[in-house]
Amino acid sequence: MALAPQTRPRTLGWEWYKLMKRGESQGRRRQAVLALNSKSCKAKCSYKYNNNNNNNKGKDRFGFGFVEKEWNRGSSIIDIIMAAHPLRHVDSMATMPSGAGKIPYLNAVILGEALASEENDLIYPSDDFSRQAHVPSPQKYLELYERSVKDPGGFWSDVASQFYWKHKWAADHVYSENVDVRKGPVQIEWFKGGITNICYNCLDRNVEAGLGDKIALHWEGNDLGNDASLTYSHLLHRVSQLANYLKDIGVRKGDAVIVYLPMLLELPITMLACARIGAVHSVVFAGFSAESLAQRIIDCKPKLVITCNAVKRGPKVIPLKDIVDAAFVQSSQTGVSIDTCLVYENALAMKREKTNWQDGRDIWWQDVIPNYSTKCEVEWVDAEDPLFLLYTSGSTGKPKGVLHTTGGYMVYTATTFKYAFDYKPSDIYWCTADCGWITGHSYVTYGPLLNGATCIVFEGAPNYPDSGRCWDIVDKYKVTIFYTAPTLYVTRYSRKSLRILGSVGEPINPSAWRWFYNVVGDSRCPISDTWWQTETGGFMITPLPGAWPQKPGSATFPFFGVQPVIVDEKGVEIEGECSGYLCVKGSWPGAFRTLYGDHERYETTYFKPFAGYYFTGDGCSRQAKLANLHKSMFRDKDGYHWLTGRVDDVINVSGHRIGTAEVESALVSHPKCAEAAVVGVEHEVKGQAIYAFVTLVEGESYSEELRNSLILAVRKQIGAFAAPDRIHWAPGLPKTRSGKIMRRILRKIASGQLGELGDTSTLADPNVVDQLIALSNC
Ligand code: WTA
């Protein structure tokens with residue numbers, strides 16, 4: 001059976017799919033399945049295979065026949081939705097990535113008892129799982145949810161009271177909000193007047209509760225055999241030493257500290273030390289280039305920068321300190337100079353002797369920090385004092401400094417962690433995200449530690465030394481909760497310890513979901529497909545394992561206190577089964593409070609597009625109640641949610657959020673580039689890939705060398721992770737008569753959907769389209 005390229009499933013199932021495809025074409029499909037599956041799964045796989053043998057045409061449970069069917073169904077759904085809601089995100093995609101739309105069958109499967117096939121739309125938690133879950137039934141969820149939206153103050157006060165507060169907030173003033181720009185400035189406050197410290201709640205509180213000897217963090221290094229562990233007491237000591245140093249050199253409450261560290265234990269230690277003294281950390285992902293780092297230094301003017309000399313990523317050594325030095329040169333050119341750079345000697349990657357050094361400014365971590373006391377007084381802060389700044393991509397070239405404050409963020413990350421992962425004290429938790437992104441803030445550092453959890457910090461890459469690394473780590477530490485982006489492969493097996501899987505960063509399509517569920521989780525582990533954003537601080541729409549039956553590809557229902565609404569182009573709320581723009585009504589404790597130094601941009605970007613709501617930038621479909629089958633569970637407006645991807649100019653590449661405008665401005669900075677337009681295209685592994693159309697300045701000619709040098713410009717300005725996969729030479733770009741680039745057309749050309757270009761007659765120069773198509777293979 002031959003498949004056109006666009007019928008390939010993307011993300012999780014790709015490696016598996018390729019093997020399947022090979023097996024099928026050689027008449028060895030069954031072996032391909034067996035080669036990939038664990039012992040315990042083998043029997044089921046072959047059973048299912050045989051079981052399907054009679055009528056497997058287009059219906060098989062493990063093959064691409066199913067995928068093909070899914071895909072075809074996807075495109076017809078697009079047609080239907082397009083007719084009703086001509087939304088940009090819908091026309092930009094080859095299919096609905098999260099499988100939105102009606103699903104014809106309503107078969108059910110019980111977790112742990114059968115495999116989820118394409119015919120299983122509802123996957124029920126087993127009774128055993130539900131019995132032990134924090135939220136054991138839909139009824140319990142509804143009860144809690146209802147209280148959280150009818151009485152947010154009371155609900156969140158009760159939750160917040162489980163943390164340590166030096167002084168409590170006023171009982172009659174739990175929160176105050178205005179999210180409606182028509183009524184004045186947008187403002188959100190939770191627990192204001194409450195005095196606390198998040199580091200104290202992560203560490204001291206847990207040590208006092210008797211968890212001092214419990215492992216807080218396991219560190220697994222890039223190279224096999226390099227590991228370390230810190231108990232809660234040890235972590236508290238290490239954090240206190242750094243906090244004392246910071247105080248000693250004059251870092252005060254409210255000062256910004258830029259942290260440019262890879263996933264060493266020193267990264268969460270630094271975040272916690274800043275929080276301990278009320279300083280505002282801004283972690284910059286250590287894959288960002290010198291230019292990007294300089295941009296962030298210039299924006300928030302930190303008191304110091306904390307980094308390490310080098311890091312090993314796979315077999316490669318990356319000299320981070322050199323990147324920091326280059327950033328300092330750039331930032332000083334705009335008048336922002338940095339007096340102190342604290343450098344951790346990561347001797348496993350590079351010895352200190354080889355590190356470029358500036359005496360007076362640069363200080364070795366190991367030379368000073370161990371000399372400080374392991375006890376450090378906590379700086380008590382207001383719940384609304386800033387905790388951190390995290391720069392994220394938007395639809396303009398300048399990254400946005402998303403600002404989170406202390407109290408609401410603390411309560412929200414801890415609570416979402418506990419419920420979405422059904423966390424129990426005996427769990428071993430691993431989130432593969434880097435602390436340079438929000439997931440690493442909320443669900444490597446704060447959420448787990450606030451719950452007294454044991455958490456793994458992984459420095460390396462999932463495919464080094466080979467693609468079985470993740471599963472080796474799962475087995476080594478007996479991981480029970482595994483949270484990752486859906487861009488991972490599985491090639492080696494055991495994973496018996498797993499009990500819950502989590503997914504984040506991009507829509508996970510139903511085939512990938514089923515693969516994650518059946519193969520990774522051995523049909524035993526519920527999947528928490530958590531939808532959220534840097535701006536939201538914590539999970540917004542997420543399954544609560546044990547409570548609801550799951551639907552492959554759906555993030556299911558809102559977390560407590562979250563009121564998602566779907567609106568049409570005019571901002572009118574759509575009820576029931578629908579597709580549209582995802583907004584949120586009201587505030588929740590983990591919401592960001594502003595964009596650093598630019599409250600106006602905060603209002604314009606998030607609160608003005610649909611007045612009265614927070615606009616997420618995502619599209620969403622919602623299913624209405626599920627026929628009569630589960631009447632008791634679903635109220636009219638409680639449908640499953642299916643995220644359909646960004647509707648703005650933001651791309652998610654391997655879970656990394658990148659603004660097309662940032663990539664365009666990096667390309668245009670190349671002296672030979674006159675104009676650039678960047679679009680996202682579906683990518684089987686990365687979710688989305690960056691596809692750039694480039695117009696050269698007059699007289700320049702196309703060459704492979706120039707293509708490489710354009711890609712290099714992006715790597716240099718943003719980082720390797722943002723490098724375009726494809727540069728498409730463009731003598732001109734399709735523009736309207738008013739000069740607006742028609743990205744819709746570029747997306748179609750990029751994804752090879754040449755028959756679906758739509759009306760091009762409104763273009764200023766319709767010939768441009770033919771020229772672009774002619775250059776498709778150049
Ligand atoms: C996307 C990452 C579908 C979405 C936590 C969002 C998802 C953007 C999911 C935020 C999910 C995140 N299903 N899409 N479960 N989770 N996204 O700020 O487009 O890096 O707007 O935060 O990722 O990316 P960010």
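Both ligands and their constituent atoms are indexed starting at 1 by order of listing.
The shortest contact between atom 19 (O) of ligand 1 and any protein heavy atom is with D618 OD1, 2.7 Å. Protein heavy atom nearest atom 3 (C) of ligand 1, with residue, atom name and distance: P507 N, 3.1 Å. Among all protein heavy atoms, the one lying closest to atom 24 (O) of ligand 1 is R657 CD, 3.5 Å. Atom 13 (N) of ligand 1 has as its closest protein heavy atom E506 O, 3.4 Å. Of the protein's non-hydrogen atoms, T534 OG1, 3.5 Å is the one closest to atom 25 (P) of ligand 1. Taking atom 10 (C) of ligand 1 as the reference point, the nearest protein heavy-atom neighbour is W532 O, 3.6 Å.
Residue Y691 is tested with H683, R747, R726 for a side-chain contact (heavy atoms from CB on, under 4.5 Å); the sole match is R726.
Relative ring orientation between F417 and Y429 is described as perpendicular, the plane-to-plane angle rising above 60° on a 0-90° scale split at 30° and 60°. Below 30°, between 30° and 60°, or above 60°: for F592 and Y614 the angle between ring planes is above 60°, a perpendicular geometry. The aromatic rings of Y581 and F615 sit perpendicular, their planes meeting at an angle over 60°, well past the 30° parallel limit.
For N652, every heavy-atom contact with ligand 1 shorter than 4.0 Å involves the side chain, none the backbone.
For a threshold of 3.5 Å applied to N or O pairs, the pair formed by T616 and ligand 1 contains no separation below that value. Considering backbone and side-chain N/O atoms, G505 comes within less than 3.5 Å of an N/O atom of ligand 1. Looking at ligand 1, you'll find an N or O of Q533 within less than 3.5 Å of one of its N or O atoms. Taking only nitrogen or oxygen atoms, main chain and side chain alike, E535 does not reach within less than 3.5 Å of ligand 1. Residue T439 has no N or O atom closer than 3.5 Å to an N or O atom of ligand 1.
For ligand 1, the atoms lying closer than 4.0 Å to a non-hydrogen atom of D529 are 11 (C), 13 (N), 15 (N). Set against the non-hydrogen atoms of R646, the atoms of ligand 1 under 4.0 Å away are 6 (C), 19 (O), 21 (O). Residue L643 approaches ligand 1 through these ligand atoms, each under 4.0 Å from one of its heavy atoms: 3 (C). Against a heavy-atom cut-off of under 4.0 Å, V504 is close to the following atoms of ligand 1: 5 (C), 16 (N). Less than 4.0 angstrom separates some heavy atom of T530 from each of these atoms of ligand 1: 9 (C), 11 (C), 15 (N), 16 (N).
A cation-pi arrangement, defined by a distance under 6.0 Å to the six-membered ring centre and an angle within 45 degrees of its axis, is absent between R622 and Y640.
A salt bridge is absent between K400 and E600; no separation between the charged side-chain nitrogens and carboxylate oxygens falls under 4.0 Å. Ion pair D568/K570 not flagged as a salt bridge, since none of the NZ, NE, NH1 or NH2 atoms sits closer than 4.0 Å to an Asp/Glu carboxylate oxygen. We find that K398 and D598 are not joined by a salt bridge, their nearest charged nitrogen and carboxylate oxygen being 4.0 Å or further apart.
For F560 and Y419, the distance between ring centers is under 6.0 angstrom. Taking the six-membered ring for Trp and the full ring otherwise, W437 and H656 have centroids separated by under 6.0 Å.
Of the candidates L390, I438, V647, I438 brings a heavy atom nearest to atom 2 (C) of ligand 1.
When the shell of 6.0 Å around CZ of R313 is examined, it contains more than 12 heavy atoms from other residues, nucleotides or ligands.
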